[in-house]
Amino acid sequence: MNKQEFLAEYAVARKNTDSVKWDNLKETFDAEDLLPLWVADTEFKAPKEALEAMTKRIAHGAFGYSLTPDAYFEAYFKWQKERYGIELHREWMRFGTGVVQSLSTLVNLLTQKDDAVLVLQPVYYPFMKVIENNERKLVVSELKHEAGVYSMDPADIEAKITEEQVKLLILCSPHNPVGRVWSEAELAELLELCRQKQVLVIADEIHHDLLLTDKPFVSALEVSEGKYRDNLVVVDAPSKTFNMAALQNSHVIIPNPQMRQRYDKLVERLAAPAGSILGKVAAAAAYEHGASWLKGLLETIQANYDYVKEKLTKAYPQIVISPLEGTYLMWIDLSAVVDPAKLEIFIKNKAGLAVDFGTWFGASGAGHIRVNLATTPENIERAVTALVKALDENQS
Ligand SMILES: Cc1ncc(COP(=O)(O)O)c(C=O)c1O
């Protein structure tokens with residue numbers, strides 16, 4: 001499906017639909033009339049086969065306790081194998097109602113109170129919250145960057161692991177917000193270091209279907225032919241790809257049998273939730289039939305990225321825009337054109353936009369904004385026009 005077909009069939013207005021992104025601006029931004037480009041979900045309906053599958057399940061009418069359908073495992077495993085070469089096994093699979101919920105359970109499983117947990121900043125802020133809310137010690141290694149291109153700093157990571165006696169790393173792959181799809185070599189270096197230093201790894205791969213270049217996604221499960229599987233847990237979900245966050249279904253993939261046993265015990269103790277049947281029915285259909293839909297989505301994201309980049313850098317060549325290898329989240333450094341201390345006020349009050357502010361992702365995000373590109377070209381054009389106008393007024 002191309003972009004035009006995708007937009008014609010799937011674009012949908014979400015204001016007044018109890019959307020966090022559109023209908024809950026006041027709480028975060030203290031304003032209602034902003035154009036929302038923040039929360040990482042989309043203004044697109046899920047693939048029609050997913051909607052049909054849910055409709056059929058709803059028509060049945062009974063929603064008693066349910067199993068994960070066989071069709072789910074088949075469709076998800078095939079999707080992962082054919083697109084990314086990932087080999088999965090049913091016994092590795094556990095389910096949750098969301099990746100963040102599972103991250104919290106896993107931090108409890110894999111560390112003790114006051115243990116040090118490492119993240120690579122700037123990074124998705126719930127990682128920090130999960131660590132701190134569970135009374136673990138947050139340790140940060142800054143990503144290096146040059147002209148908006150980010151990379152890991154293995155020497156610093158090693159130093160932090162040693163100095164702080166790090167027990168766990170939470171990795172974002174692909175990386176929100178800097179848009180990197182980590183190469184196998186980068187992942188292998190990191191995972192080898194963690195193995196040698198006895199640091200366990202959680203790899204959050206929720207963005208892995210959102211690939212904008214021909215750079216391949218390599219799952220932590222497959223790095224060096226699966227060498228690090230025993231040392232890691234992968235969390236993933238269909239929600240980012242197919243816009244199904246509210247359907248509350250996510251994956252926890254644990255190849256190590258001892259770790260799995262301990263996980264099952266903990267989940268029992270916490271009586272932790274394990275996904276929803278509608279979420280599973282929808283995702284099974286999306287994995288089975290959603291490849292063409294995803295192609296339409298990715299074309300839309302790419303066109304939106306190209307548009308924003310062209311317009312912003314033409315007007316203000318000093319603006320630094322990170323290349324978008326993965327995710328639908330654009331990382332923009334406005335520090336050369338807006339005083340970072342005044343950025344939030346400027347974006348809200350002058351440009352009328354609700355975006356994720358860089359500092360949410362760690363102090364090194366100052367001066368940046370994260371723009372969600374998974375929306376209609378009309379919204380993107382409105383946003384860019386408003387931003388450029390506000391910048392023009394700001395300079396004069
Ligand atoms: C890296 C990352 N992990 C997890 C999530 C949220 O996952 P969930 O809604 O399943 O908790 C997001 C959403 O933006 C994300 O970017």
Side-chain angles (χ1 to χ4, degrees), residues 19-21 24 28 36-44 46 76 93-107 117-131 133-134 143 150 169-182 187 201-212 217 219-220 232-253 272-276 278-280 282-283 286 297 301 322 324-331 354-358 360-362 365 369-375:
S19 146
V20 171
K21 188 195 220 168
N24 203 29
T28 303
L37 301 157
W38 59 308
V39 177
D41 60 20
T42 82
E43 275 61 74
F44 305 119
Y76 175 56
M93 298 291 303
R94 299 294 181 269
F95 293 89
T97 52
V99 161
V100 175
Q101 173 244 326
S102 298
L103 286 176
S104 186
T105 310
L106 289 166
V107 163
V117 183
L118 181 67
V119 298
L120 311 182
Q121 280 187 358
V123 76
Y124 180 56
Y125 36 91
F127 285 11
M128 280 74 91
K129 280 203 192 135
V130 158
I131 293 165
N133 290 346
N134 284 295
L143 295 171
Y150 284 75
L169 164 76
I170 309 182
L171 172 70
C172 197
S173 175
H175 193 104
N176 167 11
V178 305
R180 280 296 319 276
V181 172
W182 304 117
L187 290 169
V201 176
I202 303 173
D204 178 343
E205 299 186 349
I206 195 169
H207 291 278
H208 80 275
D209 290 316
L210 302 161
L211 304 176
L212 280 304
F217 165 74
S219 170
L232 66 90
V233 176
V234 166
V235 283
D236 173 37
S239 52
K240 215 51 63 188
T241 310
F242 297 116
N243 204 22
M244 294 179 176
L247 291 176
Q248 308 235 302
N249 171 55
S250 62
H251 309 142
V252 181
I253 305 170
S276 83
L278 282 184
K280 286 174 181 167
L297 173 71
I301 295 165
S322 292
L324 190 66
E325 295 175 348
T327 83
Y328 49 62
L329 306 164
M330 186 168 190
W331 187 238
V355 298
D356 278 32
F357 293 111
W360 297 358
F361 302 85
I369 57 172
R370 191 198 75 173
V371 171
N372 180 344
L373 297 167
T375 191

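Computed from a prediction, not measured in an experiment: that's the story for all the values here. Hydrogens, waters and symmetry mates play no part in the numbers below; they use all other heavy atoms, side chains included. Whatever order the structure lists them in is the order used to number ligands and atoms, beginning at 1.
Between the side chain of His175 and the backbone N or O of Pro122 there is at least one donor-acceptor pair closer than 3.5 Å. A donor-acceptor contact shorter than 3.5 Å is absent between the side chain of Thr97 and the backbone of Gln248. Judged by distance alone, with hydrogens and angles left aside, the side-chain atoms of Lys240 form a donor-acceptor pair with the main-chain N or O of Ala40 at under 3.5 Å.
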Enumerate, one pair per line, all nitrogen or oxygen atoms of ligand 1 lying under 3.5 Å from a protein nitrogen or oxygen, stating the separation to 0.1 Å; write 'none' if no such pair exists.
unit_1, atom_1, unit_2, atom_2, d
ligand 1, 3 (N), Asp204, OD2, 2.6
ligand 1, 10 (O), Val99, N, 2.7
ligand 1, 11 (O), Val99, N, 3.1
ligand 1, 11 (O), Val100, N, 3.0
ligand 1, 14 (O), Lys240, NZ, 2.9
ligand 1, 16 (O), Asn176, ND2, 2.8
ligand 1, 16 (O), His207, NE2, 2.7

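Note on ring orientation: taking the six-membered ring where Trp is involved, the planes of His208 and Phe217 are tilted (angle from 30° to 60°).
Remark: Arg370 engages Asp356 in a salt bridge (Lys or Arg N to Asp or Glu O under 4.0 Å) (not counting sequence neighbours).
Tested against Thr42, the residues Thr241, Asn243, Asn372 include a single side-chain hydrogen bond (donor to acceptor under 3.5 Å, both in side chains) partner, Asn243.
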